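Comments concern the structure below.
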Amino acid sequence: MNPGRCAACRYLRRRCAEDCILSPYFPYNDPQRFVSVHKIHGASNVTKLLQQLPTHLRAKAADSLYFEAQCRVEDPVYGCVGLIFLLQQQIHSAESELAKTQAEIAVLKSQAQHTQAQPFEAESDVNNLLQEQLDNIANVSFSNQASSGFIN
Amino acid sequence: MGCSSPCASCKLLRRRCTKDCIFAPYFPSDDPYKFAIVHKVFGASNVSKMLQELPVHQRADAVSSLAYEANARVRDPVYGCVGAISFLQNQVSQLQMQLAVAQNEILCIQMQQESAWPTLIDHQQDDKSFLLATNNLDNISQYLNFASSSNVIQDAALKRESFWT
């Protein structure tokens with residue numbers, strides 16, 4: 001029994017060569033990782049896939065294969081596609097909410113602008129009222145003068 | 001009575017397509033690419049086991065999602081579907097941030113309006129109620145004397161301007 005075998009070779013019960021392509025990505029201390037990937041994708045497909053990739057990208061590929069395999073184990077019907085649907089729904093919902101909120105902002109801003117204009121309107125209303133009163137006083141005093149002058 | 005053509009999977013695997021072939025309903029012969037990529041990414045044996053473990057009414061959806069994943073993996077051998085998931089998660093995060101900013105803006109505007117209204121109403125009421133109360137010549141003349149000496153209207157306007165600036 002070779003204690004240095006990777007999880008893949010242990011599971012497949014084979015000798016783990018020094019240049020085993022799966023060994024860096026399926027360490028012996030995480031057997032479940034390979035079990036999931038092998039169940040969904042198969043060791044042969046994973047090996048072929050990794051062989052086609054440059055070395056510096058294989059770790060990421062192995063991680064994404066594991067993620068997809070886990071999703072498929074948890075949801076045998078939709079796998080990670082179920083997660084994509086969910087995210088698309090969240091995006092749609094968030095976009096609607098954002099549009100609604102931005103419309104509310106536009107309404108509130110226009111209300112605020114209208115309110116800013118109102119103080120000046122109130123001031124001119126007050127000035128107009130004052131002018132009317134002044135005109136009334138002027139008319140009354142003129143008529144008084146006129147009547148007094150006429151009498152005189 | 002003619003013999004039906006083998007399904008895409010049995011054609012690719014070069015085997016006899018039986019009446020109870022588990023692949024036949026989902027991999028018709030007119031779409032060989034679909035089975036080819038599913039076989040490449042998952043393997044026919046694994047797909048067969050997966051379908052057998054599912055009730056019949058769920059198998060069509062399972063095959064569709066497997067074909068989707070396989071297609072994504074063929075297009076992007078490194079990330080497959082995970083690339084799309086990362087992208088969508090980023091979009092969700094950005095939208096949630098924009099939403100939080102917009103909701104904060106609403107709160108700010110509402111707070112500004114609430115703090116502005118009481119001051120504004122007080123000033124207007126002071127001016128108009130004072131003038132309404134002065135409804136005879138004696139009172140108006142007194143007001144005029146007061147106004148000429150202290151410029152009441154100008155002071156009120158200045159108070160409003162300092163609030164808004």
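Labels below follow one simple rule: chain letters A, B, ... track the order of the sequence lines, proteins then strands, and each chain is numbered from 1. Predicted, not measured: the structure shown is a model, and the values here were computed from it.
- Listed by chain and residue number, A/F34 satisfy the ring-ring contact (aromatic ring centres under 6.0 Å, His included) test with A/F26 (two or more places apart in sequence, or in another chain).
- Neither the backbone nor the side chain of B/Q96 comes within contact range of chain A; no heavy atom of the residue lies under 4.5 Å from a heavy atom of that chain.
- When side chains are defined from C-beta on, B/E105 does not count as touching A/L108, because their heavy atoms never get closer than 4.5 Å.
- In this structure, the side chains of A/Q111 and B/I109 stay at 4.5 Å or more apart for every pair of heavy atoms.
- At a threshold of 4.5 Å between non-hydrogen side-chain atoms, the residues B/E69 and A/R72 count as touching.
- Under a hydrophobic-cluster definition in which Ile, Leu, Val, Met, Phe, Trp and Tyr are linked whenever side-chain heavy atoms come within less than 4.5 Å, directly or via other members, B/Y33 and B/F35 are assigned to the same cluster.
- In the displayed structure, B/R75 atom CZ is contacted under 6.0 Å by at most 12 heavy atoms of other residues, nucleotides or ligands.
- Note: B/F87 CZ to A/I91 CD1 = 7.5 Å, rounded to the nearest 0.5 Å.
- B/V41 and B/L12 end up in the same hydrophobic cluster when Ile, Leu, Val, Met, Phe, Trp and Tyr side chains are linked at under 4.5 Å.
- By the 4.5 Å heavy-atom criterion applied to side chains, A/L53 and B/P77 are counted as neighbours.
- Every pair passing side chain to side chain donor-acceptor pair (under 3.5 Å) that includes a residue from residues 35-50 of chain A is listed here, sequence neighbours excluded: A/S36-A/Q70.
- In this structure, chain B has no heavy atom under 4.5 Å from any part of A/L50.
- With rounding to the nearest 0.5 angstrom, the CD atom of B/Q98 is 5.5 Å from the CG atom of A/L98.
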Go through it in stages, so that I can follow the logic: the residues are A/I40 and B/N46, the test is side chain to side chain contact (heavy atoms under 4.5 Å, CB included), and I'd like the CA-CA distance, side-chain angles, deciding distance and then a yes or no. CA-CA 6 Å; A/I40 302 302; B/N46 286 342; 5.9 Å; no
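- Taking OH of A/Y78 as the start and OH of B/Y68 as the end, the distance is 14.0 Å to the nearest 0.5 Å.
- With a 4.5 Å cut-off on side-chain heavy atoms, B/L54 and A/P76 count as touching.
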Walk me through whether A/K60 and B/V82 qualify under side chain to side chain contact (heavy atoms under 4.5 Å, CB included). CA-CA 10 Å; A/K60 288 180 183 160; B/V82 177; over 6 Å; no
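- Across every non-hydrogen atom of B/V78 and A/S64, the tightest pair is O-OG, 2.7 Å.
- The contact between A/L57 and chain B is made by backbone and side chain atoms together, counting heavy-atom distances below 4.5 Å.
- Proximity to chain B is limited to the side chain of A/L49, based on heavy atoms less than 4.5 angstrom apart.
- Using a distance-only test at 3.5 Å, with no hydrogens or angles considered, no donor-acceptor pair links the side chain of B/D61 to the main chain of A/V77.
- Of the listed residues (A/S93, A/C80, A/G42), the one with the most heavy-atom contacts under 4.5 Å to chain B is A/C80.
- B/F42 and A/L65 sit in two unconnected hydrophobic clusters of ILVMFWY residues. Membership requires side-chain heavy atoms under 4.5 Å apart, directly or through other members.
- Atom CG of B/L88 is separated from atom CD of A/Q89 by 12.0 Å, given to the nearest 0.5 angstrom.
- Annotation: side chain of A/I84 is in contact with side chain of B/C81 (closest heavy-atom distance under 4.5 Å).
- A/L22 is connected to A/Y11 through a chain of hydrophobic side-chain contacts under 4.5 Å among Ile, Leu, Val, Met, Phe, Trp and Tyr, so both are in one cluster.
- When atom types are taken as modelled, the side chain of A/T101 and the backbone of B/L99 share no donor-acceptor pair closer than 3.5 angstrom.
- Here the CD-CD distance, from A/E97 to B/Q103, works out to 6.5 Å after rounding to the nearest 0.5 Å.
- Between B/L95 atom CG and A/H92 atom NE2 the span is 12.0 Å, to the nearest 0.5 Å.
- Neither the backbone nor the side chain of B/L51 comes within less than 4.5 Å of any heavy atom in chain A.
- The candidate from B/R73, B/Q94, B/Q89 with the greatest count of non-hydrogen atom pairs under 4.5 Å with chain A is B/R73.
- Note on B/L66 and B/Y26: same hydrophobic cluster, where clusters join Ile, Leu, Val, Met, Phe, Trp and Tyr whose side-chain heavy atoms are under 4.5 Å apart, directly or indirectly.
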